[in-house]
Each structure stands twice: as structure tokens, then as C-alpha cells.
Amino acid sequence: MTQALDEIKIGGLGASRKRVEDDRFIRGKGNYTDDITLPGMLHMEILRSPLAHARIKSIDASKAWDIPGVHLVLTGEMMATRNLAWMPTLSYDTQAVLATDKVRFQGQEVACVIADDPYIAKDACEAIDVDYEPLPVIVNPKQSVADGAPVIRDDKENQPDNVIYTWEVGDAAGTDRAFEQADKVSRLQLHYPRSHPSPIECCGSIADFNRATSKLTVYMTTQAPHIIRAAVALVAELPEHMIRIISPDIGGGFGNKVPVYPGYVCSILASILLECPVKWIEDKTGNLISTGFARDVYLDGEMALRNDGKILGVRMRCDADHGAFFSDAQPSKFKLGLIHSAFAAYDIPVAHLMARGTYTNKAPGGVAYRCSFRVTEAMFFQERMVQAAADDLGMDQAEFRRMNFVRDDDFPHRTPLGFLTDSGQYGKCLDVALEAVGYENFRKQQQEARAKGRLLGLGISTMTEPLGAGNSREYDILGIKMFDSAELKVHMTGKAIVRTGARGQGQGHETTWAQIVAHELGIPAEDIVVEEGDTDTAPFGMGTYASRSTPVAGAAVAMVSRKIRAKARKLAAHLLEVSEEDIEWELGRFYVRSAPDRGVTIQECAMAAYSNMPDGMEPGLENTAYYDPPNLTWPFAVYIVTVEVDPATGVWDVLTTVAVDDCGVRINPMIVEGQIMGGLTEAYAMANMQFITFDAEGNCIGSNYMDYLLPTAWETPGFELHSEVVTPCPHHPIGAKGIGECAAVGGPAAFVNAVIDALSGTGVRNIDMPLLPDRVWEAITYHRDISGAPPVRTDD
Ligand code: CDP
């Protein structure tokens, strides 16, 4: 007779348990970096460059030093005396901490003032006199490689031009042969513009160096505390065990809080020099103009097609604009992140990709904004290209995709650009989405509306995304292998604490990690506390980005729970006075196989671990697991959007958005839905309204939230979510795949495809995002594609 616990009741796998962290967030009791005040704390502000490219002739900070309340003015020259004017980046480049020779983008850090309060520090920044000699400015890759282009990184030896790398993946000769055999070649060129993660909380740090103990504690907004600890140890040459990074509550990260920013380094140096805590909190414009931009890739592709719709091969060329420093994080083997995951959902025999990265006079770019290292650009291009190819063949959008999908029985599938995808039911997801949107009916309505001059459109986007780097064989950042960790301590009374090397920023880890332990051990989720983000207590991990938490840290939580269960089994055998082989497990309880009523709970085993262990057994019930995933997890999604475009104004309204996400086993279905809705909101914002760009002088246009719009509940359309397709991940311990960024990755193409579909027959193949009304209107009126590449004109 089973006495197993009801898994949903104890908050295990599949329970839509309310987010425990929200108790403190909705009561205003969160603990963000800016909430922290330490005794004797001073405040730091940064002076930023108004120019995008200029030689620094001199910096006169004497007036700033004279202002009462100012304790320190840091300049590049002072940093250089400590070998800190430049720092290494996460992509083997160097980045200026404070400018010495030149400024290379508008908003670059030139000096810092540390004062009694932030207002004095700000006033003192304005009193610093910098004499600049303006230089010619470059704002796109074409200008970077033009004859006679000024060399932006003249600080580097062996850097005669502005090219950072060229990178090639795939089979060039095989792809050429596929194109020779093609009935038709389809081509598409587009620019995925800069977009900005713009978390509600900006970046910031409080550095607290204690001379008496030689310990440096830094509270900071980082998604990867252990990596920051290693970086601080290397850059500041401090012993790693004397550095404690605490990442308290984080008000959204989205990739923006992965890089190491100059503000962090300056606050640390200031604290060491002044021997008191120094706080730096960035303002919104500082965040928007200087920190981790995303995207900015020019994509140009061709597809070799057979008349019956079979894709024979793909060529892709990518020109990435990285800004002044190559500073975004990505696995060191892959120069443009995982851009080569493009077309992974399609069974394409051969492909070839060429990528080039260039420097420009813009803030460092390329950060993985809610995506796994450039997967967003890859999936966007894939689905825009697939739509263009289907149109060129005169084929139905859905049918063209279906006939080229990887089949359910063809997994694991080797993609033409080298990945191994794990599992999926792509056709089924498409069927569910088509049914939900009423596909056939909509196509009829679209034709009828067209006859009356109304423009309706339907956009499909599908995607499979590689989530959960490593494995450690292929994935590393700066040589540090990508894996993750979890530590589980079960106390005497059966209550527990889990710590992981991940660091959530609002994704609900405090809720879901407890659910995994509940699933593995039968300890109710409410008896488990989750802690992340303190390098002195959490096991080493690579942090949270690229939706890697569930695939890697979540797997580590399951594995460490299994280690605990293995020890608990021995304790159960001891308590029940039978051999281990005679013991069976059911949720929450061990029992004797031949006498199921004789059993002990996991809580009784925990008590025995501290009070009644067998002879020779090490006391306690604690363990740690490091998990090195055998492969990435590959969730799949279909997003379908319908729109109506007003031909007179170019304004477009979303009629329906349908999302079918297959992320394997859902730990917490409610949290998964929240992740999808958040991702779709960001996708809609990128496609519709988020405009941040540069003029010919390198001025950042859209550097405030009056211009760079964040969608509110008012603008955001409704979403219809479907969860009926579940393909468990074959290699993840609980069958889960990542979900955090799927909708932000796959969503934008659905919105853009819908608008382009509404314009079908006008000859318009592409409008670059954001699809602002004036761009759409211009495309309709003049029957032409609209490029959004900078420089933009600002004189009209
Ligand atoms: O790395 P990040 O937390 O941003 O992304 P994720 O691992 O995809 O997880 C996002 C949130 O969704 C976490 O709270 C996960 O535990 C939860 N999740 C889930 O409940 N089921 C899944 N199959 C995947 C994620």
C-alpha cells in the first residue's frame, strides 16, 4: 500500500506554486543594491564623454577637487599609475576603464568623483575641464572597413584596421554545389538594430574594503558573481579568498548585468584608496548609452531551393558592429556567439556562414539580451529568410516550414552548422498554433479585407534555441569551463537550504529550485529555502544568462538531491534494520519491499543523520553537485501573430498572438507562462517601438525613456499560450529544457513577418525594426524596403 506524498500538494514538479520571492517584492521589502547603506559610505559619479571619437588633450580636475565634500577625483592618468586604466574583457580584448588617450564612444567613462553625497559628486563632475580634439566618427561596419577609415583602436599593437575577427563555419564548397543544383535562389538582407536590455534597476556597486581584515566586499548588480570575483582578483591583483561578491536582489538583468563595467572597477579602487565604502549607482541615461547593448548585426543570406519547396542549402554573411571594445561574453570558440544555431529546426543538408566583427565609435555592443549568445539574431534571420523563400516560391508559409522541419524520429539531429539538437515535435507544435489562430479562416478574411483596401497580415515564427551552455568540452568563458553547481543541506528536522552558482534576476529560482528538491526527496517546497548570489556561501557557478539556470544549475539541484537520497537510503536501512537492497523509495518515504507499511520518512532519515547514524557513517546530510551537461537543451516554439496595418498612417495593431512553447517538463507552469509573456512583450517592443540609434556624429539617439519606449500594459497586446506539447529533454535529469528567453528570441520575427505579410504584393521584402509607423508608411507609399542602419538623419 503506497503512502507516497501528493507531489502537487507538496509543491513539487508541475505545481503552479506562487513565487515565494514575491512576498518581499510586492511589499516593497526587496533588498536591491541601492537599498544598502553602510556606515561612512561615500558616493561616486562618473563623468562621461559628450563626443564619440576625440583625442584627449588634457583633463583639469582642480576645480572639482576644490569643491567641499569631494574626497577623490579619479582620472585615467591616475588609474594608469596602478595599471588599471585598461581592463581585460570577457572576449579577450581590452577596454578602457577611464579614458587616457582618446574617447571612443559617446558616454565613455572619463573621470569619477567620490564625495559625501551623489549630488556633490555630480556637480564636481561638471567642474572637470576636459579638452577634446574631435576625430572622424564611425557608426557602422561599412564605414569601419572603408579606405582611409580612422583606426579606432590605435591603442592596440597589431591592430592596423577596425576588423576584430573574421569567422567561418560550415561547408563552403558543399554549399556552392547545393546552389548550383537549385531551381531558385532566394535572398534577404536586413539589419537587426541595436536594442537595449534596459532593466528597471540600473547597474551599480558598493565596494567596501576593510584595511584591518584586508577583505573586500562588493555588493553589486551582477548576473555572474563568481566570474566577477575571478575578474576582480585578476584585474585588481587581490587574493580571491579575500574578495566577497554579493549580488543582492536584482531588478532585471536580461544580459545587461553580465559584463564588467568601469563603474565597478572605479568604486573598488576608490574604496581601497579611501578605506571606506563607496557606492556607485548608474542613472538611466548612463545605463542606456554606455552599458551592454545588444544585436547590431547586418545579415545577408541566400537560400538554395527546389521548386517543390525543399531547402537545399543556405549561405549567411554576418557583419557585427561591436562598438569600441569587444567586451560581450561568449564561449571563446565562437566569435559571434551561437549565431550558427540558425536554421537548426530545419533539415537542411548543407550551409555556410561567414562572420566579421568590427569596431565602431559606439558603446560596446553584442551583449546577449535575453538570449543565448546571438541566438536572437540567428532565429530572427532564419524566420525572416524562410518567409521570403516561401513567398518567392509562391508556397504557403506553414506548409513550407512543415515540409522542411526536422522530423520527430530524426533526433539527435546534426545541424548543417554543427550543433546536435536533442528532441522535439515541431510539426505538432505548428499544428496546435495553426488551429489556435484559425489559419485557413484568417487567410480567407485576409483576401476579403484586401478587396476592401484593408491590410491584414499573419506572421509565423518558429525557433529552436540552444540553451544551457556547457558542456565544458566546447563551452568556456575566458578559459573557465561552463558547468554549474548546487549545494543542499538537509537540517536535523528535515528542513533544507539549497544554494546554487546561478543568480536569478526575477525568474523565480527561489520557488522552482525548491520544487526540484521536493520532487526528488519529498521534502515539501515550503520547508526549503533557496539562496544564491553570495560568493562566500554559494558553490562556484557561471551565473545566470542564456537561460542556462534550469538546464545546468537546475540539473545540479536534481543531482545533489539524488546524492542526499542515496545517503538517506543507507540511514533508512539502518533505522528499519534491513539491508539497503530491501529498501524501496516512494515520494517522501523509504519502505521495506516485503512489508510496505514499515517505512521511514525522509525527515526521520534526516534526524538519524545527526542522532542515530550507523557505525562508520559520516554524520550529517549535506552534499554538493557540479553538473556538466552532456549537451545543450533545445526547446522549440511556434509564435503566430496577426495584424492589421493602416495604409494611411503605417500604424499597425496586433489582432492575435498565439504561442506554443515546448520546453520539456515544466517545473512550475505558472512561472513558465510568466517567462513567455515577458519574452513576447519584449519581442513586441523591439518590433514595434524601441528605437535607439546613432547619428553621423555618433550621438546616441533614444538615450532616455521618453524616446526609447518600454511597453506598458496599455500598449502590450494579449497573448494566447499553449502548453500541450511536451517533449522531455532526453539528457536532463528531470527532462526540463530552458524557457526564459524563448519568446524574446522567436517573437520578433512573428511580428515583423505579420506586417510584411500584410504588405504582400507591394514588392516590400523588408523593413528593419522597429517597424515605426513612418517606416511602414514609407514602404507602402513608395513600394520599397526600408533600412534602419545608422547614421540616422537628425535634421528633419
Ligand atoms: O536562466 P534563467 O533562469 O533565466 O532561465 P530558465 O532556466 O529557462 O528558467 C526561467 C524560470 O522558469 C525559472 O524559474 C525556471 O525554474 C522556470 N522553468 C520551469 O519552471 N520549467 C522549465 N522547463 C524551464 C524553466
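Ligands are counted one by one from 1 in listed order, and the atoms in each one are counted from 1 as well.
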Discussion item. Restricting to side chain to side chain donor-acceptor pair (under 3.5 Å), what partner residues turn up for R666, sequence neighbours left out?
Written reply: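 Testing R666 for side chain to side chain donor-acceptor pair (under 3.5 Å), a comparison that skips the adjacent residues, returns none.
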
Worksheet item: Taking only residues two or more places apart in sequence or in another chain, which ones pass side chain to side chain donor-acceptor pair (under 3.5 Å) with T727?
Response: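 Scan of T727 (side chain to side chain donor-acceptor pair (under 3.5 Å), adjacent residues dropped) gives Q425, D662.
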
Discussion item. Just to be sure I understand the cut-off, which residues have at least one non-hydrogen atom under 4.0 angstrom from an atom of ligand 1?
Written reply: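 Only Q507, G508, H509, T512, W513, T544, S547, R548, S549, T550, P551, C663, V665, R666, I667, N668, I671, V672, Q675, A736, K737, G738, I739, G740 have heavy atoms that fall under 4.0 Å of ligand 1, ordered by chain and number.
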
Worksheet item: Is K428 salt-bridged to E724, going by a charged N under 4.0 Å from an acidic O?
Response: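 No.
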
Worksheet item: After noting the C-alpha distance and the side-chain angles of S472 and D628, does the key distance pass the side-chain hydrogen bond (donor to acceptor under 3.5 Å, both in side chains) rule?
Response: CA-CA 6 Å; S472 67; D628 186 0; 2.5 Å; yes

Worksheet entry | Residues in ring pair (Phe, Tyr, Trp, His ring centres under 6.0 Å) contact with F343, at least two apart in sequence or another chain |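 If we apply the ring pair (Phe, Tyr, Trp, His ring centres under 6.0 Å) test to F343, skipping adjacent residues, there are no hits.
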
Worksheet item: CD of E715: more than 12 outside heavy atoms within 6.0 angstrom?
Response: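 It does: E715 CD has more than 12 such atoms within range.
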
